[in-house]
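Nothing fancy with the numbering, it's 1 onward along the sequence.
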Amino acid sequence: MRILVMSDIHANYTALQAVLKDAGAVDETWCLGDLVGYGPDPNAVVEEIQEIKNLTCLMGNHDVGVVGRMSLETFNGEAKRSLMHHEKVLTASNMDFIRSLPSKTKTRGEATITHGSPRDPLWEYILNTLTARLNFDHFDTPWCFVGHSHIQSVFVKEETSDRVTVEQTKPDEMISLRPKLILNPGSVGQPRDRDPRAAYAIYDTEARTWTPKRVEYNIAEVQQRIREAGLPEKHAVRIGEGW
Ligand code: ZN
């Protein structure tokens, strides 16, 4: 099976469309959460996601916040402002869809999938080898896919030792999967690894490969919608620079 793995769309409809088009035909789509927050298009994103066939979609912390299961006070000021806006504009049926999503870690064949980390699905960021190392004991499958950090990355635990390293990856460079790995497809709508292109990955379950991907989209158009909606200027600036 050829599976599109994506995360952290953050109400960026233009980036989502670019990813779906670039990925082409896939057997399944796995979305690791954060449909909303930051961006200008929460309804368009949630509606597009619902159209995807063979979809597994998890809740991210922003999704949990927007449906009121977590206080918006736990978010920083600018993130909170966007969520308050989304809370207002999201239609009742789109809210219901978000509410229906699972927020727990799931297992799919050889992969564990979660938003933040396997030991703390909603809040923990796996940004370094130390945090990755603590998480390798929290899943039983050979590999685990996470989102949340918005950074396309691969953490490797060596089989014979406890050593955890970060593997440098390049878009379109296929990685052979082997035990034990933690992989992040990056963020569709708000990449933070200084590459502003939308990020995702293709997981091939038979070949056991993972291919990180990047695709350009019309960033200026999204920045304009962020400004028109009166959302924080910071959210417009950062998608142009990838931080
Ligand atoms: Zn996020």
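Inter-residue side-chain proximity for P212 and M174 is flagged as unmet; no heavy-atom pair is nearer than 4.5 Å. A 4.5 Å side-chain heavy-atom check between P185 and M6 finds every atom pair outside the cut-off. Side-chain contact between L231 and R81 is absent, with no heavy atoms from C-beta onward closer than 4.5 Å. Here the side chains of E87 and V67 are not in contact, with every heavy-atom distance at 4.5 Å or above. In this structure, the side chains of L35 and F97 come closer than 4.5 Å at one or more pairs of heavy atoms. Between V156 and V164, the closest side-chain pair of non-hydrogen atoms is not below 4.5 Å. Side-chain contact between I202 and R2 is present, with at least one heavy-atom pair separated by less than 4.5 Å. The side-chain heavy atoms of V222 and P40, taken from C-beta on, include a pair separated by under 4.5 Å.
In this structure, H86 contributes its side chain and G37 its backbone to a donor-acceptor pair below 3.5 Å. No donor-acceptor distance shorter than 3.5 angstrom exists from the side chain of S7 to the backbone of S187, with no hydrogens or angles considered. Remark: side-chain polar atoms of R238 are paired, donor with acceptor, to backbone N or O of W243 under 3.5 angstrom. With hydrogens and angles ignored, the 3.5 Å screen pairs a side-chain donor or acceptor of D63 with a backbone N or O of V36. Side-chain atoms of H85 do not come within 3.5 Å of backbone N or O of G39 as any donor-acceptor pair. With hydrogens and angles ignored, the 3.5 Å screen pairs no side-chain donor or acceptor of E28 with any backbone N or O of N54. A donor-acceptor pair under 3.5 Å is absent between the side-chain atoms of D204 and the main chain of T209, judged by distance alone. N43 contributes a side-chain N or O that, together with a main-chain N or O of T91, makes up a donor-acceptor pair within less than 3.5 Å. Proximity of a side-chain donor or acceptor of H138 to a complementary backbone N or O of P118 within less than 3.5 Å is not detected. Between the side chain of R69 and the main chain of R99, a donor-acceptor pair closer than 3.5 Å is present.
At a threshold of 4.5 Å between side-chain heavy atoms, the hydrophobic network of Ile, Leu, Val, Met, Phe, Trp and Tyr places L183 and I3 in one connected group. In the hydrophobic clustering of ILVMFWY residues, with side-chain heavy atoms under 4.5 Å counting as a link, L55 and V19 come out together. Both M84 and I98 are members of a single hydrophobic cluster when ILVMFWY side chains are connected at heavy-atom separations under 4.5 Å. Hydrophobic cluster membership differs between F139 and L134, with clusters built from Ile, Leu, Val, Met, Phe, Trp and Tyr side chains linked at under 4.5 angstrom. The cluster map of Ile, Leu, Val, Met, Phe, Trp and Tyr, joined by side-chain heavy atoms under 4.5 Å apart, puts Y125 and V146 in different clusters.
None of I126, D195, L127, N184 except one satisfies the side chain to side chain contact (heavy atoms under 4.5 Å, CB included) rule with I151; the exception is L127.
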side-chain hydrogen bond (donor to acceptor under 3.5 Å, both in side chains) evaluation trace for Y217 with Q17: CA-CA 9 Å; Y217 70 97; Q17 280 184 310; over 6 Å; no

R208 vs Y203, side-chain contact (heavy atoms from CB on, under 4.5 Å): CA-CA, chis, key distance, verdict: CA-CA 7 Å; R208 295 198 171 89; Y203 170 40; 5.9 Å; no

Check against side-chain contact (heavy atoms from CB on, under 4.5 Å), I113 and L58: CA-CA 9 Å; I113 57 172; L58 306 177; 4.2 Å; yes

Residues H148, D8; criterion side-chain hydrogen bond (donor to acceptor under 3.5 Å, both in side chains); working and verdict: CA-CA 7 Å; H148 196 43; D8 299 277; 5.0 Å; no

Residues E124, N135; criterion side-chain hydrogen bond (donor to acceptor under 3.5 Å, both in side chains); working and verdict: CA-CA 10 Å; E124 187 173 46; N135 271 285; 2.8 Å; yes

Pair E221-T14, side-chain hydrogen bond (donor to acceptor under 3.5 Å, both in side chains): steps then yes or no: CA-CA 8 Å; E221 175 188 305; T14 311; 3.1 Å; yes

Derivation and outcome, side-chain contact (heavy atoms from CB on, under 4.5 Å), residues T169 and I175: CA-CA 8 Å; T169 61; I175 296 163; 3.4 Å; yes

Pair L122-K104, side-chain contact (heavy atoms from CB on, under 4.5 Å): steps then yes or no: CA-CA 8 Å; L122 286 176; K104 289 203 177 77; over 6 Å; no

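E158 has no carboxylate O lying under 4.0 Å from a charged side-chain N of K180, or vice versa, which leaves the two without a salt bridge. Contact check on K157 versus D162 returns a salt bridge, with a Lys/Arg side-chain nitrogen under 4.0 Å from an Asp/Glu carboxylate oxygen. Taking the charged nitrogens against the carboxylate oxygens, E167 and R178 do have a contact shorter than 4.0 Å, which makes a salt bridge. A salt bridge does not link D27 to K53: none of the charged nitrogens lies less than 4.0 Å from a carboxylate oxygen.
Separating the CD1 atom in I239 from the CZ atom in R197 is a distance of 15.5 Å, to the nearest 0.5 Å. Between atom NZ of residue K213 and atom CG of residue D22 there is a gap of 6.0 Å, rounded to the nearest 0.5 Å. Within the model, atoms NZ of K80 and CG of L83 stand 10.5 Å from one another, a figure rounded to the nearest 0.5 Å. For the atom pair OH (Y13) and CG (D41), the distance works out to 8.5 Å, reported to the nearest 0.5 Å. To the nearest 0.5 Å, atom CG of residue L16 and atom CD1 of residue I49 are 5.0 Å apart. We find the CZ-CD distance between R225 and E228 to be 8.5 Å, quoted to the nearest 0.5 Å.
Environment of CG in D140: sparse, with no more than 12 heavy atoms of neighbouring residues, nucleotides or ligands closer than 6.0 Å. When the shell of 6.0 Å around CZ of R133 is examined, it contains 12 or fewer heavy atoms from other residues, nucleotides or ligands. Within a 6.0 Å sphere centred on CZ of R227, heavy atoms belonging to other residues, nucleotides or ligands number more than 12. The environment of CD in E216 is sparse: at most 12 heavy-atom neighbours from other residues, nucleotides or ligands sit within 6.0 Å.
Side-chain atoms of T141 and T112 include a donor-acceptor pair closer than 3.5 Å. Between the side chains of R192 and Q190, at least one donor N or O sits under 3.5 Å from an acceptor N or O. Side-chain atoms of N128 and T131 include a donor-acceptor pair closer than 3.5 Å.
Taking every heavy atom of both residues into account, L32 and G147 meet most closely at CD1-N, 3.9 Å. What you find for A15 and G189 is that their closest heavy atoms are CB-CA, 4.2 Å. The heavy-atom pair separating P171 from R214 by the smallest distance is CG-CG, 3.5 Å.
The aromatic rings of F145 and W210 lie tilted to each other, with the angle between the two planes from 30° to 60°. By the 30° and 60° cut-offs, the orientation of the rings of W123 relative to F75 is tilted. Ring geometry, H150 versus Y38: the interplanar angle exceeds 60°, so the pair is classed perpendicular (tilted spans 30 to 60°).
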